[in-house]
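Structure first, commentary second.
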Amino acid sequence: MLDINEIYNLLLEKYGYQGWWPINSKYHVKDYSFPKNKQQEFEIIIGSILTQSTNWKNTEKAIKNLKSNKLLSPKKINSINVKKLALIIKSSGYHNQKAKKLKEFTKFYLKNNKLTRDKLLGIYGIGKETADSILLYAYKRPYFVVDAYTKRIMNRLGFKEGTYDEFQDIFMKSLDNDYKLFNEFHALIVKHGKETCKKNPICNKCRLNKICEYGKSNLS
DNA sequence: TACCAGGTCCTCG
DNA sequence: CGAGGACATGGT
């Protein structure tokens, strides 16, 4: 049986601390105090929606564009025309849908102080991964985020469970209930998925290859 | 040129 | 339920 904590330790050794979530285009290594205010909290939430199935660079452009148009605030997004909003976030891809998602979230955000997971999941455009990203990175709540990289990496390691909930359970039952750990671990998984455990993985450079089902059979 | 990126919704069987 | 398609830009 693979040890989830060992996976974390190996990834941390290889890649170091990641400093998620990026705010103002900057990472904050080993500083888990973000967000420090409502403005940063809102930026993380908007980013978590805009980055759905989209690379961070494109998301970042959209966020910068929102800022330069002075629109990165709940009231502004709530009042702007959805088509204008779509043009401003165009770089993030799926911009028509995402504009609608931003407005739906914002409408909810303006009249709700407590954002529970169930309430988030009831909002158009927010599924499990986005809800957990918001809870973890904007609210420092220990919900483990499962994304496409997580599923791919776990599958290769030998965990064949398939659903979001099943993967999340594996992490949350194995790890200390610590938002800082969840924050760093998820960021490391993304890093690993991008750089090493890619669609065409580079197993001979992988820190996990000795404990990986796929890696062991894929080394020359 | 073709493929992919820190998903979610909708429809259909 | 679960699979399959729609949604879309920018980088390699």
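Proteins come first, then strands; the chains are lettered A, B, ... in the order of their sequence lines, and each starts at number 1.
- Within a 6.0 Å sphere centred on NZ of A/Lys36, heavy atoms belonging to other residues, nucleotides or ligands number more than 12.
- At the heavy-atom level, A/Lys57 lies nowhere under 4.0 Å from the strands shown.
- Note: A/Phe42 and A/Tyr109 have tilted aromatic rings, judged against thresholds of 30 and 60 degrees for the angle between ring planes.
- For A/Lys61 and C/dG10, a side-chain-to-base donor-acceptor distance below 3.5 Å is absent, hydrogens and geometry of angles not being considered.
- Of the C1' atoms belonging to C/dG5 and B/dG6, the separation is 22 Å, rounded to the nearest Å.
- Paired with A/His186 under the rule side-chain hydrogen bond (donor to acceptor under 3.5 Å, both in side chains), one option of A/Tyr143, A/Tyr137, A/Trp20 passes, and it is A/Tyr137.
- One can place NZ of A/Lys98 at 11 Å from P of B/dG6, the figure rounded to the nearest angstrom.
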Practice problem: Encode nucleotides 7-13 of chain B as B, S and - characters from 5' to 3', where the letter depends on protein heavy atoms closer than 4.0 Å: B to the base, S only to sugar-phosphate, - to neither. | Solution: BSS----
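- Checked by atom type, the side-chain pair A/Asn24/A/Lys67 shows a donor-acceptor distance below 3.5 Å.
- Between A/Tyr32 and A/Tyr179, the angle of the ring planes goes over 60°, which puts this pair in the perpendicular group of the 30/60° scheme.
- Looking at the side chain of A/Arg152, the nearest of the listed nucleotides C/dT9, B/dG6, B/dA5 is B/dA5.
- Here C/dA8 is the nucleotide among C/dA8, C/dG11, B/dG6 with the atom lying nearest to any side-chain atom of A/His95.
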